[in-house]
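Shown next, in structure tokens, is the structure this report addresses.
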Protein chains: 2
Amino acid sequence: MAERVLDAAEGLVQQHGYSGFSYDDVARLVGIKKPSIHHHFATKSELVACVARRYTTRFGKQLDEIEAKQAEAPARLMAYAALFEQTFAKDRSLCVCGMLGAQVQSLPDEVTHEVSSFFRINLGWLTRVFSEGQRAKLIRSGRSSQSLAEMYLCALEGAMVVGRGVSSSRGPKQISQTLLSQLIVDR
Amino acid sequence: MAERVLDAAEGLVQQHGYSGFSYDDVARLVGIKKPSIHHHFATKSELVACVARRYTTRFGKQLDEIEAKQAEAPARLMAYAALFEQTFAKDRSLCVCGMLGAQVQSLPDEVTHEVSSFFRINLGWLTRVFSEGQRAKLIRSGRSSQSLAEMYLCALEGAMVVGRGVSSSRGPKQISQTLLSQLIVDR
DNA sequence: GTCTATATTGTGATAGAC
DNA sequence: GTCTATCACAATATAGAC
């Protein structure tokens with residue numbers, strides 16, 4: 001049951017953000033009453049912090065899978081963008097931590113900490129991938145791997161936000177293709 | 001007075017988003033009581049729609065100024081990024097329409113319309129600038145001007161979101177420099 | 001674990017006096 | 001234009017029965 005609550009809360013965060021959903025919304029989605037939610041997660045801070053932590057953990061596992069399946073940096077970066085595209089393709093859902101990141105000034109510290117952890121892990125992983133790609137001469141080396149990692153992450157998070165705001169938008173996958181085509185060395 | 005209300009509401013939207021602030025918050029900021037706000041803006045939808053419309057109008061004027069002051073595409077694109085940097089530099093404020101774009105599923109139609117208008121205007125302007133830059137051989141021509149415009153806007157909006165979520169982030173200006181260095185043709 | 005009932009506070013919005 | 005008073009409702013959270 002606790003997991004079904006987390007699933008419902010995750011979806012609500014992705015669609016409406018921290019202050020945009022209530023315990024009653026969660027209760028309706030899982031089919032129990034509002035006070036029963038409190039039995040599983042005492043406070044909203046705790047609930048959303050758990051949502052963010054689980055999301056980050058799951059994301060981390062997907063990063064491991066990418067490294068296992070894809071050997072080279074360009075393919076890894078494309079697979080990374082596909083993670084964002086999958087999320088976005090489901091009803092234009094936002095990245096949990098992208099949404100929460102935007103609302104950071106309204107969040108309890110407990111949640112803010114989880115959000116920042118998500119971004120640090122992602123920036124670290126991307127930095128390593130870009131760095132390897134540059135060493136293998138598969139990625140242009142004009143800019144530091146840190147800068148490239150940050151730019152790539154920003155573009156993907158931004159693609160989801162802009163994609164929600166305007167119907168003409170192409171989504172994270174297309175943005176990634178445009179970006180990577182400038183960075184990948186031709187062979 | 002109506003304008004002071006708009007100023008306060010704009011700041012609150014940038015910090016907390018649509019569902020993250022109340023009429024009472026606005027009232028406290030401008031120093032009058034809650035019902036007096038309703039006198040100037042009957043509903044919250046109307047208030048935030050006006051905030052977004054004024055923001056878009058003001059932004060449009062700044063685009064005109066950039067075109068007047070900067071003759072070439074690269075300089076125009078750098079000046080464009082500086083607009084985002086200015087906003088972000090003030091207490092890590094988000095772009096009004098970036099914040100609202102993230103929360104689009106919780107917005108009244110009236111507001112959604114204004115948000116989409118902001119993005120369409122910006123994408124149109126950027127597309128024209130990239131297109132001119134490519135014609136003048138100042139911008140690489142591997143990708144369509146539409147794709148480049150969308151990528152650039154996404155990266156800047158994303159830079160504000162990510163920059164809020166993680167303290168190590170460098171902000172829109174730095175992201176823009178990394179991106180443009182890949183796109184501008186060396187002379 | 002789930003429920004009903006309730007406390008407490010906050011919300012957008014209105015009525016009507018000044 | 002601003003105020004006090006108030007409405008109707010929704011929010012997070014708790015107490016205590018089953």
Side-chain angles (χ1 to χ4, degrees), chain A residues 1-54 96 99-100 103-115, chain B residues 1-54 96 99-100 103-115:
Chain A
M1 190 69 230
E3 218 165 307
R4 285 183 55 203
V5 171
L6 282 176
D7 291 339
E10 183 178 282
L12 286 165
V13 168
Q14 290 179 305
Q15 291 298 332
H16 305 285
Y18 187 84
S19 48
F21 80 100
S22 73
Y23 262 51
D24 222 21
D25 295 328
V26 180
R28 267 190 293 270
L29 276 176
V30 300
I32 59 178
K33 297 294 174 180
K34 187 166 52 159
S36 309
I37 309 293
H38 282 281
H39 172 76
H40 298 286
F41 300 93
T43 66
K44 197 181 182 183
S45 318
E46 190 194 321
L47 170 59
V48 177
C50 284
V51 165
R53 199 176 310 123
R54 188 182 69 153
V96 164
M99 176 66 91
L100 294 175
Q103 303 176 338
V104 113
Q105 302 270 15
S106 314
L107 299 181
D109 289 347
E110 195 179 0
V111 179
T112 307
H113 178 264
E114 296 299 330
V115 172
Chain B
M1 189 68 231
E3 217 164 308
R4 285 182 56 204
V5 170
L6 282 176
D7 290 340
E10 183 178 284
L12 286 165
V13 168
Q14 291 180 304
Q15 291 298 332
H16 305 286
Y18 187 84
S19 49
F21 80 99
S22 72
Y23 262 50
D24 222 21
D25 295 328
V26 180
R28 268 191 292 269
L29 276 176
V30 300
I32 59 178
K33 298 294 174 181
K34 185 167 60 158
S36 309
I37 308 293
H38 282 282
H39 172 76
H40 298 285
F41 300 92
T43 66
K44 198 181 181 182
S45 317
E46 189 193 322
L47 170 58
V48 177
C50 284
V51 165
R53 199 176 310 121
R54 189 183 68 155
V96 164
M99 176 65 92
L100 295 175
Q103 304 177 334
V104 111
Q105 301 269 16
S106 314
L107 299 180
D109 288 348
E110 196 180 359
V111 179
T112 307
H113 178 264
E114 296 299 332
V115 171

Whole angstrom is fine here: how far is it from [atom1] in [X] over to [atom2] in [N]?
X: I37(A); N: dT14(D); atom1: CD1; atom2: P; result: 15 Å
X: L47(B); N: dA13(C); atom1: CG; atom2: C1'; result: 14 Å
X: F41(B); N: dT2(D); atom1: CZ; atom2: C1'; result: 16 Å

Problem set entry | Short N-O contact, R28(A) and D25(A), less than 4.0 angstrom |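 Salt bridge present between R28(A) and D25(A).
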With rounding to the nearest 0.5 Å, note down the distance linking [atom1] in [X] to [atom2] in [Y].
X: M99(A); Y: H16(A); atom1: CE; atom2: NE2; value: 8.0 Å
X: K44(A); Y: H38(A); atom1: NZ; atom2: NE2; value: 10.5 Å
X: L29(A); Y: D24(A); atom1: CG; atom2: CG; value: 10.5 Å

For this session: May I ask you to evaluate whether S36(B) reaches the phosphate of dG1(D), defined as a side-chain N or O under 4.0 Å from OP1 or OP2?
Result: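 For S36(B), the contact criterion (side-chain N or O under 4.0 Å from OP1 or OP2 of dG1(D)) is not met.
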Exercise. OP1, OP2 of dG1(C) versus side-chain N and O of H38(A): anything below 4.0 Å?
Worked result: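 Result: no.
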Exercise. Going by heavy atoms closer than 4.0 Å, what residues in residues 5-34 of chain B are next to DNA chain D?
Worked result: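 I32(B), K33(B) - these, ordered by number, are the residues of the stretch whose heavy atoms sit under 4.0 Å from the strand.
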Problem set entry | Proximal nucleotide (of dG1(D), dA13(D), dT2(C)) relative to the H39(B) side chain | dG1(D)
Exercise. If you check every side-chain atom of K44(A), which of dT2(C), dA13(D), dG1(D) has the closest atom?
Worked result: dA13(D)
Do any N or O atoms of the protein come closer than 3.5 Å to N or O atoms of nucleotides 15-18 of chain C, and which pairs are they?
none

Problem set entry | Closest approach of C50(A) to L6(A) (non-hydrogen atoms, all atoms of both residues) |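 Closest heavy-atom pair between C50(A) and L6(A): CB-CD2, 3.8 Å.
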For this session: For E10(A), enumerate each residue passing the salt bridge (Lys or Arg N to Asp or Glu O under 4.0 Å) test, keeping only those at least two apart in sequence or located in another chain.
Result: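 Per chain and number, E10(A) pairs via salt bridge (Lys or Arg N to Asp or Glu O under 4.0 Å) with R54(A), R58(A).
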Problem set entry | 4.5 Å side-chain heavy-atom contact, M1(B) and I32(B) | yes
For this session: Take S36(B) and Y23(B) through the test side chain to side chain contact (heavy atoms under 4.5 Å, CB included) and record every step on the way to the result.
Result: CA-CA 10 Å; S36(B) 309; Y23(B) 262 50; over 6 Å; no
